[in-house]
Asks: 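Quick one: the structure is below, questions incoming.
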Number of protein chains: 2
Amino acid sequence: MPLTRLRPIEHLSQVDKIELRLQEYLRNEEFNPGDPLPKEMEIAKALGVSRTAVREAISRFKMLGIIESRRNRGMVIKRPDVLRNIQRVMDPRLLDGDTMKDIFEMRLVVELGLAHILFRRKTPEFIEKLEGIARTEDVTTDRIDLLKLDVDFHSALYQMSGNETIIRFQRMLMPIFDFVDSVILQKPRINQPGKIATHWDLIEELKQGTPTGFMHKMESHLWYFFEKI
Amino acid sequence: MPLTRLRPIEHLSQVDKIELRLQEYLRNEEFNPGDPLPKEMEIAKALGVSRTAVREAISRFKMLGIIESRRNRGMVIKRPDVLRNIQRVMDPRLLDGDTMKDIFEMRLVVELGLAHILFRRKTPEFIEKLEGIARTEDVTTDRIDLLKLDVDFHSALYQMSGNETIIRFQRMLMPIFDFVDSVILQKPRINQPGKIATHWDLIEELKQGTPTGFMHKMESHLWYFFEKI
DNA sequence: TTTGCGATATATGTCGTACATATGTCCTAT
DNA sequence: ATAGGACATATGTACGACATATATCGCAAA
């Protein structure tokens, strides 16, 4: 009898419970950014707990960026920065292999799906930037430098999407990408069916090709990673 | 003179500073899950602050799931749940329009990029599930029910990806999707060039088509949203 | 009317202390 | 060897005190 899943009894501390109560309070009361919150002591009284515990719970929301407080002004609801909080957690050391695999796969999904947006937002300036990176690659031999240039190239693509959230998504997951890259590149290279699309191929397609064509080239370009996962 | 951006003077509180110190401490010391942390009092002494302040800062990391503590056992590093923390922040009321637009666009990118994964992971059971939803749609007239079924259909696609992170990404962003959907659907329908691919078309393509074909159909299917954004 | 200064009230920020509670450790009795 | 009790200890909770910034009011000066 394994008993692996016996009793995941949640031992919620007082502060945890307060956090939950505040969470549901914030949702139910339909707070909008700028709205004031009750005073710490009032909340403590209402919940029947000490101000210390309330402050510990509220401190958590301050980290998320949902609550802001100022001396003598009280506390107000703030617009949180969605991605800021993931970033704190994005440490390859703290994530398990499966999750990192999933995240890396998601990167591939996003880069493929990006094609249409890119064709919509491409400009001569961006193309020029990509070409600059590709030209530098042509005259670079150092392995580390090439890896860095590869990252630059893909980063530039994200930039071109013009979508701030996607850009930050990529920047945020960079540590994971780096980690997986370094692991994958240590493995022996395997045979590929047909030619792998290069950065120059991608640029060419972007300049006078189609979204679909670009996607195919990108698929070919990333094929190596697909197989490894 | 607007002066809109004058003085973003960061007024970091003591607790904020402690949080930063702990953050860099955790990164630099290369902690791995399971590793023990110093006692609260030792940290307080080392930083020259009160235990109360340290506890407020640590409480934040407990919310993120990076630190876990038990009576008399001390504190240990834990594997955080990457997406759990975003969920707390994903409230349409708290996000600004631009961010929501970006997030919604990212959804489109992901769903397009999903094609290849789907063809890799599809099974008769999943196809059957999709067909079940589509059949129900055929005999449903209520507008709300149809909206719900549409969500179900796309959710099923995410499920089929088999990527736990992507699945949770979708589930997490659901409130945003719902919100944007409801806003978009209130606008008058515009003329579309050519036929919009239906769910049945997507299923058909999935059964005996190609990833590229599926992507085109999906693009057509989502075209309406693309235009609205 | 506007500006400037000072007194006051107030909510959050920080600290120290005390005690509660759970849990590991050690010691002893059976 | 095992059970059980005594003790030590780190976190959890609470309370009180004071620090600090800031809103508000009153009043005088320009």
Side-chain angles (χ1 to χ4, degrees), chain A residues 6-23 25-26 29 31 33-80, chain B residues 3 6-23 25-26 29 31 33-78 80:
Chain A
L6 187 57
R7 62 163 61 196
I9 291 179
E10 282 298 332
H11 217 116
L12 289 182
S13 75
Q14 183 95 289
V15 174
D16 290 332
K17 285 185 248 172
I18 296 174
E19 183 199 321
L20 288 177
R21 286 295 178 84
L22 286 177
Q23 181 88 46
Y25 175 68
L26 293 180
E29 296 297 311
F31 280 104
D35 291 349
L37 269 73
K39 288 173 281 193
E40 290 178 354
M41 271 313 292
E42 290 175 1
I43 295 176
K45 281 270 187 190
L47 294 176
V49 296
S50 72
R51 187 177 157 225
T52 311
V54 170
R55 276 185 62 82
E56 274 195 35
I58 286 180
S59 179
R60 300 179 173 184
F61 290 98
K62 287 180 184 169
M63 178 172 60
L64 291 188
I66 292 182
I67 291 180
E68 196 178 41
S69 62
R70 279 195 168 168
R71 284 184 149 95
N72 192 35
R73 289 179 48 108
M75 302 181 287
V76 295
I77 297 294
K78 217 182 103 187
R79 260 190 227 296
Chain B
L3 277 187
L6 188 60
R7 66 155 60 193
I9 292 178
E10 283 298 335
H11 217 120
L12 288 181
S13 75
Q14 182 96 291
V15 175
D16 290 333
K17 285 184 251 172
I18 297 174
E19 184 199 321
L20 289 177
R21 286 297 178 85
L22 287 177
Q23 181 88 46
Y25 175 69
L26 294 180
E29 296 296 312
F31 280 105
D35 290 349
L37 268 74
K39 288 173 281 192
E40 290 178 354
M41 270 313 292
E42 291 175 359
I43 296 175
K45 281 271 187 189
L47 294 175
V49 297
S50 73
R51 189 179 155 222
T52 311
V54 171
R55 276 186 61 82
E56 274 194 33
I58 286 180
S59 178
R60 300 179 173 183
F61 290 98
K62 286 179 185 170
M63 177 172 61
L64 291 187
I66 293 182
I67 292 179
E68 196 177 41
S69 63
R70 278 189 160 173
R71 283 185 149 93
N72 191 36
R73 288 177 50 107
M75 302 181 286
V76 296
I77 297 293
K78 217 182 102 187

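Within every chain, numbering begins at 1; the chains are lettered A, B, ... in the order of the sequence lines, protein sequences first and strands thereafter.
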Asks: Give a yes/no on whether any side-chain N or O of A:Q14 is located under 4.0 angstrom from OP1 or OP2 of D:dA14.
Replies: yes

Asks: Take atom CD1 of B:I18 and atom C1' of C:dT14, then tell me their distance rounded to the nearest Å.
Replies: 9 Å

Asks: Within this structure, what is the CD1-to-P distance between B:I67 and D:dG12, rounded to whole angstrom?
Replies: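 For the pair B:I67 CD1 and D:dG12 P, the rounded distance is 11 Å.
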
Asks: What residue among B:R60, B:R21, B:H11 forms side-chain hydrogen bond (donor to acceptor under 3.5 Å, both in side chains) with B:D16?
Replies: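 Option passing the side-chain hydrogen bond (donor to acceptor under 3.5 Å, both in side chains) with B:D16: B:R60.
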
Asks: Atom OG in B:S50, atom NZ in B:K45: separation rounded to 0.5 Å?
Replies: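 Output value for this atom pair is 12.0 Å.
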
Asks: For a side chain to side chain contact (heavy atoms under 4.5 Å, CB included) with A:S69, tell me which candidate from A:R55, A:M75, A:K78, A:E40 qualifies.
Replies: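 For A:S69, the side chain to side chain contact (heavy atoms under 4.5 Å, CB included) check succeeds only for A:M75.
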
Asks: Between residues 45-63 of chain B and DNA chain D, which residues have a heavy-atom gap below 4.0 Å?
Replies: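 Here the set is B:R51, B:R55, B:K62.
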
Asks: Separation of A:H11 atom NE2 from C:dT23 atom P, in whole Å?
Replies: 6 Å

Asks: Between B:K39 and A:D16, who's closer to the 5' end of DNA chain D by nearest nucleotide?
Replies: B:K39

Asks: Rounded to whole Å, please give me the gap between CD in A:E40 and P in C:dT10.
Replies: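 Value for this atom pair: 16 Å.
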
Asks: Among residues 69-76 of chain B, which ones have heavy-atom contacts with DNA chain D below 4.0 Å?
Replies: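 Those residues whose heavy atoms fall under 4.0 Å from DNA chain D, taken from residues 69-76 of chain B in numerical order, are B:S69, B:R70, B:R71, B:N72, B:G74, B:M75.
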
Asks: Counting C-beta onward and ignoring hydrogens, is there a side-chain heavy-atom pair between B:I43 and B:L22 closer than 4.5 Å?
Replies: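 A side-chain contact exists here, since the closest heavy-atom pair is under 4.5 Å.
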
Asks: If I take atom CG in residue B:L12 and atom P in nucleotide C:dT14, what distance separates them, rounded to the nearest angstrom?
Replies: 11 Å

Asks: I need the A:I18 CD1 to A:L12 CG distance, nearest 0.5 Å.
Replies: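 One gets 11.5 Å once the value is rounded to the nearest 0.5 Å.
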
Asks: To the nearest 0.5 Å, what is the distance between NZ (A:K62) and CD (B:E19)?
Replies: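 If I round to the nearest 0.5 Å, the distance is 11.5 Å.
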
Asks: Report yes if the side chains of A:M63 and B:F61 come closer than 4.5 Å at any heavy-atom pair, otherwise no.
Replies: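 No, their side chains stay 4.5 Å or more apart.
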
Asks: Name the residue from B:I77, B:I58, B:V76 that meets the side chain to side chain contact (heavy atoms under 4.5 Å, CB included) definition with B:L37.
Replies: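 Between B:L37 and the candidates, side chain to side chain contact (heavy atoms under 4.5 Å, CB included) is satisfied uniquely by B:I77.
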
Asks: For the CZ atom on A:R79, are there more than 12 heavy atoms of other groups (residues, nucleotides or ligands in this structure) within a distance under 6.0 Å?
Replies: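 Enclosed: over 12 neighbouring heavy atoms sit under 6.0 Å from CZ of A:R79.
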
Asks: Please state how far atom CD in B:E68 lies from atom P in D:dT11, giving the value in whole angstrom units.
Replies: 13 Å

Asks: Provide, to the nearest angstrom, the distance between the CD atom belonging to A:E42 and the C1' atom belonging to C:dT12.
Replies: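 Going from CD in A:E42 over to C1' in C:dT12 covers 13 Å.
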
